[in-house]
Amino acid sequence: MRNSDYATAEKTELPRRPDFVPVPSVNPRVLDVSMDSANGVIRTVASGLWEREKLLIHFSRIRRMIEQVRARGEQVLVLRDLRNAETQPPEIAQLVNIEGRRCFADADRLAVLTSSSLLKMQMKRAVSHSRAAFFLSPNAAMTWLTAYRQDHLIAN
């Protein structure tokens, strides 16, 4: 429920909204990962609040996909779509940072797509990767991600 929805609620007095509200995700698949074979981009989609165990499984699947890309001698390009994600508690944001460092090498490119400046700032702090960028626009994220492909450098 958005803050504007509180004002229009039916004559029921609602408590103040805390910083982190566990709201069930509309999407039953909260964490998803797939390979976009048309352009060689690993796409991840995340929505709602994340649970530690599911997040660890999610990063395990990402690592397996990254290993396959590296085995083919291609540059790892990842597009993380967080437009439907909630603001995460600090311990989950820290876990994202730890697992992200385990997954990504310096040559990998990571574009993070968010729906708000608040989530963009949170993820900027959580993702300590030198070749990561944060976007509100899907087109800008994909353009940046694929602009400087280095597959030819890795293959040599």
Side-chain angles (χ1 to χ4, degrees), residues 1-3 17-151 153-154:
M1 182 176 280
R2 295 187 176 140
N3 287 337
R17 181 177 174 179
D19 288 340
F20 300 106
V21 180
V23 179
S25 174
V26 176
N27 183 355
R29 293 188 333 177
V30 175
L31 297 165
D32 190 29
V33 60
S34 62
M35 174 59 82
D36 182 347
S37 55
N39 55 26
V41 172
I42 296 171
R43 290 180 179 258
T44 69
V45 177
S47 63
L49 286 171
W50 311 330
E51 297 173 11
R52 185 183 197 295
E53 294 74 24
K54 290 182 181 178
L55 190 60
L56 291 172
I57 292 168
H58 177 67
F59 273 103
S60 173
R61 290 167 42 209
I62 292 171
R63 278 193 295 280
R64 283 195 301 272
M65 241 178 233
I66 287 173
E67 289 168 4
Q68 293 170 359
V69 171
R70 288 194 179 119
R72 293 191 304 263
E74 297 173 4
Q75 183 181 22
V76 174
L77 305 173
V78 178
L79 177 62
R80 301 210 56 175
D81 186 346
L82 304 177
R83 289 178 290 178
N84 293 316
E86 298 290 328
T87 301
Q88 303 300 314
E91 60 274 8
I92 295 296
Q94 181 181 13
L95 183 60
V96 168
N97 188 23
I98 291 167
E99 290 299 314
R101 283 184 294 198
R102 289 182 65 204
C103 284
F104 305 113
D106 289 341
D108 300 341
R109 291 177 69 86
L110 174 64
V112 181
L113 185 58
T114 70
S115 62
S116 73
S117 295
L118 175 62
L119 185 57
K120 184 176 171 180
M121 280 186 347
Q122 182 186 33
M123 293 309 298
K124 246 182 186 174
R125 284 191 308 262
V127 178
S128 61
H129 188 277
S130 62
R131 298 191 68 189
F134 304 85
F135 302 90
L136 297 174
S137 161
N139 290 337
M142 188 58 82
T143 298
W144 176 85
L145 193 60
T146 58
Y148 302 102
R149 295 198 69 136
Q150 296 181 353
D151 293 343
L153 296 177
I154 294 171

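Treat the numbers as computed from the prediction; the structure is a model and nothing was measured. The first residue of the sequence shown is numbered 1, and numbering continues consecutively from there.
Rounded to the nearest 0.5 angstrom, Ser137 OG and Met142 CE are separated by 11.0 Å. Summarising the geometry, atom NZ belonging to Lys54 is positioned 15.5 Å from atom CZ belonging to Phe59; distances are rounded to the nearest 0.5 Å. Once rounded to the nearest 0.5 Å, the distance linking CZ of Arg131 with CG of Asp106 reads 8.5 Å. Asp81 contributes atom CG, which lies 9.0 Å from atom OG of Ser115 (distance to the nearest 0.5 angstrom). One distance of note links CD1 of Ile66 with CZ of Arg61; it measures 13.0 Å at 0.5 Å rounding. Atom CG in Asn97 sits 13.0 Å away from atom CZ in Arg102 (nearest 0.5 Å).
Between Met35 and Val41, the shortest heavy-atom distance links the atoms SD-O, 3.6 Å. When all heavy atoms are compared, the tightest approach of Leu110 to Leu145 is N-CD1, 4.2 Å. Closest approach of Gln75 to Val69, counting heavy atoms only: O-CG1, 3.7 Å. Contact record, Asp32 with His58: O-CE1, 3.4 Å, taken as the closest heavy-atom pair. Contact detail for Cys103 and Ile62: the closest heavy-atom pair is SG-CG2, 4.2 Å. Between Leu49 and Pro89, the closest heavy-atom pair is CD2-CD, 4.1 Å.
Under 3.5 Å, the side chains of Thr44 and Arg80 contain a donor-acceptor pair of N or O atoms.
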Please determine whether side-chain contact (heavy atoms from CB on, under 4.5 Å) holds for the pair Glu99 and Leu56, giving the CA-CA distance in whole Å, both sets of side-chain angles, and the decisive distance to 0.1 Å.
CA-CA 8 Å; Glu99 290 299 314; Leu56 291 172; 3.6 Å; yes

How far apart are the C-alpha atoms of Asp108 and Arg70, what are their side-chain angles, what is the distance that settles it, and do they pass the side-chain contact (heavy atoms from CB on, under 4.5 Å) test?
CA-CA 10 Å; Asp108 300 341; Arg70 288 194 179 119; 2.4 Å; yes

Start with the C-alpha gap between Trp50 and Leu95, add the side-chain angles, then the distance that decides, and say whether side-chain contact (heavy atoms from CB on, under 4.5 Å) holds.
CA-CA 11 Å; Trp50 311 330; Leu95 183 60; over 6 Å; no

Could you go step by step and tell me if Arg109 and Val78 meet the side-chain contact (heavy atoms from CB on, under 4.5 Å) rule?
CA-CA 6 Å; Arg109 291 177 69 86; Val78 178; over 6 Å; no

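Contact check for Gln88 versus Val96: no side-chain heavy atoms found under the 4.5 Å cut-off. With contacts defined as side-chain heavy-atom distances shorter than 4.5 Å, the pair Leu77/Ile42 does not qualify. The shortest distance between side-chain heavy atoms of Leu113 and Leu82 does not fall below 4.5 Å.
Judged by distance alone, the side chain of Ser47 and the main-chain N or O of Asn84 form no donor-acceptor pair under 3.5 Å.
The number of heavy-atom neighbours closer than 6.0 Å to CZ of Arg72, taken from other residues, nucleotides and ligands shown, is above 12.
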